[in-house]
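Below is one structure, written out as structure tokens, with a few remarks after it.
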Number of protein chains: 2
Amino acid sequence: MEQVGYMSGKPGLDAVFSALSDPTRRAILTKLASGEASVNELAEPFEMSQPAVSKHLKVLERAGLITRGTDRQRRPARLNAKPMKEAVAWLEEFRKFWSSSFDQLDNLLEELKNTDQWE
Amino acid sequence: MEQVGYMSGKPGLDAVFSALSDPTRRAILTKLASGEASVNELAEPFEMSQPAVSKHLKVLERAGLITRGTDRQRRPARLNAKPMKEAVAWLEEFRKFWSSSFDQLDNLLEELKNTDQWE
DNA sequence: GCTTGATATAACCATTAAGTTATGGAACAA
DNA sequence: TTGTTCCATAACTTAATGGTTATATCAAGC
């Protein structure tokens with residue numbers, strides 16, 4: 001068991017990608033990109049109850065993508081994009097890895113092209 | 001209803017982010033980055049049954065991240081990173097809207113945006 | 001103290017997800 | 001033909017998601 005090195009236990013990454021997989025949550029993040037907002041402000045554009053939005057906010061909070069403040073009886077949500085960096089970093093790592101295997105393929109093709117065994 | 005412009009119906013994006021939210025599937029993609037592989041080859045490193053891996057492959061296929069071939073009785077999976085471009089595009093769009101305190105994320109995204117490895 | 005407004009929590013429901021074991025079927029190998 | 005290998009599918013279990021309504025909490029204003 002263990003499978004160390006293959007199954008990277010990256011719960012943060014799981015949570016971030018998972019949070020981003022819902023259109024409502026992406027819309028919430030987009031809205032928050034232009035400034036903090038209260039639950040009701042966030043709920044208003046959606047055909048959705050306030051508790052539903054509160055749940056989405058909790059998901060985003062667990063993923064670290066937002067933080068909650070306190071302003072009188074409001075709990076404004078504020079963006080925190082740092083965790084997205086993890087996601088972008090994974091994509092970047094992946095691209096590099098893929099790209100390098102492409103390079104290998106390129107080399108192989110280069111060899112094949114320059115060999116004379118075809119003639 | 002409709003909520004045009006706010007709730008963008010982007011099922012592809014949903015599927016891609018959702019597919020990436022599972023560590024097993026990310027590991028599978030990483031493995032496939034170095035070349036196509038059969039179901040059993042993919043299943044071997046995991047403590048997981050073959051049907052479970054088949055299910056993961058189906059999820060990846062629905063997201064468009066892999067394609068399946070046929071080679072004798074094998075059904076090799078092959079990477080297709082194009083849909084990841086959607087994800088990168090969303091992140092890039094998001095960064096534009098925000099642009100503040102995104103610090104070095106800018107650089108990473110810049111790299112990701114300008115690469116053609118996704119197609 | 002009472003009411004109102006903003007949010008959280010509880011209880012519930014339906015759907016999907018992720019795993020299992022068991023079975024089926026197609027393609028090879030003998 | 002008879003296995004054997006590779007994979008898919010079915011049926012099932014358990015748990016998580018995403019939504020609802022109803023209720024609780026808690027600060028603010030009267």
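Here the structure is a predicted model, which is why all the values come from computation and not from measurement. Labels below follow one simple rule: chain letters A, B, ... track the order of the sequence lines, proteins then strands, and each chain is numbered from 1.
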- Task: Report, as a single string ordered 5' to 3', how protein heavy atoms within less than 4.0 Å touch nucleotides 9-20 of chain D: B base, S sugar-phosphate only, - not at all.
- Result: B--------BBB

- Query: Which is it for Ile66(B) and Arg68(B) under the side chain to side chain contact (heavy atoms under 4.5 Å, CB included) test, yes or no, and what are the steps along the way?
  - Reply: CA-CA 7 Å; Ile66(B) 65 169; Arg68(B) 307 297 303 274; 4.0 Å; yes

- Task: Indicate whether OP1 or OP2 belonging to dG5(C) is found under 4.0 Å from a side-chain N or O atom of Asn40(A).
- Result: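 No, no such contact exists.
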
- Item | Trace of the side chain to side chain contact (heavy atoms under 4.5 Å, CB included) decision for Val16(A) with Trp90(A) | CA-CA 11 Å; Val16(A) 170; Trp90(A) 185 87; over 6 Å; no

- Listed by chain and number, what are the salt bridge (charged side-chain N to carboxylate O under 4.0 Å, His left out) partners of Glu93(B), not counting sequence neighbours?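 Here the qualifying residues are Lys96(B).
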
- Send over the distance from Glu61(B) CD to dA8(D) C1', rounded to a whole Å.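 Computing the Glu61(B):CD to dA8(D):C1' distance gives 12 Å.
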
- Quick one: Leu60(A) CG to dA8(C) P, roughly how many Å, whole number?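 Between P of dA8(C) and CG of Leu60(A): 13 Å.
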
- Treating Ile, Leu, Val, Met, Phe, Trp and Tyr as nodes and any side-chain heavy-atom pair under 4.5 angstrom as an edge, say whether Ile28(A) and Met48(A) lie in one connected cluster.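 Cluster IDs for Ile28(A) and Met48(A) match.
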
- Query: Do Phe46(A) and Val39(A) share a hydrophobic cluster (ILVMFWY, side-chain heavy atoms under 4.5 Å, transitive)?
  - Reply: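 Phe46(A) and Val39(A): one cluster.
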
- Query: Under a 4.0 Å N-O cut-off, is there an ion pair linking Glu41(B) with Arg74(B)?
  - Reply: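 Salt bridge present between Glu41(B) and Arg74(B).
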
- Message: Between Glu92(B) and Arg95(B) (salt bridge meaning N to carboxylate O under 4.0 Å), is one present in this structure?
- Response: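 Salt bridge between Glu92(B) and Arg95(B), a charged N being under 4.0 Å from a carboxylate O: yes.
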
- Leu20(B) side, atom CG; Met84(B) side, atom CE - distance, nearest 0.5 Å: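 Here the interatomic distance stands at 5.0 Å.
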
- Message: At a heavy-atom distance below 4.0 Å, what parts of residues 64-75 of chain B sit against DNA chain D?
- Response: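 Contacting residues: Arg68(B), Gln73(B), Arg74(B), Arg75(B).
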
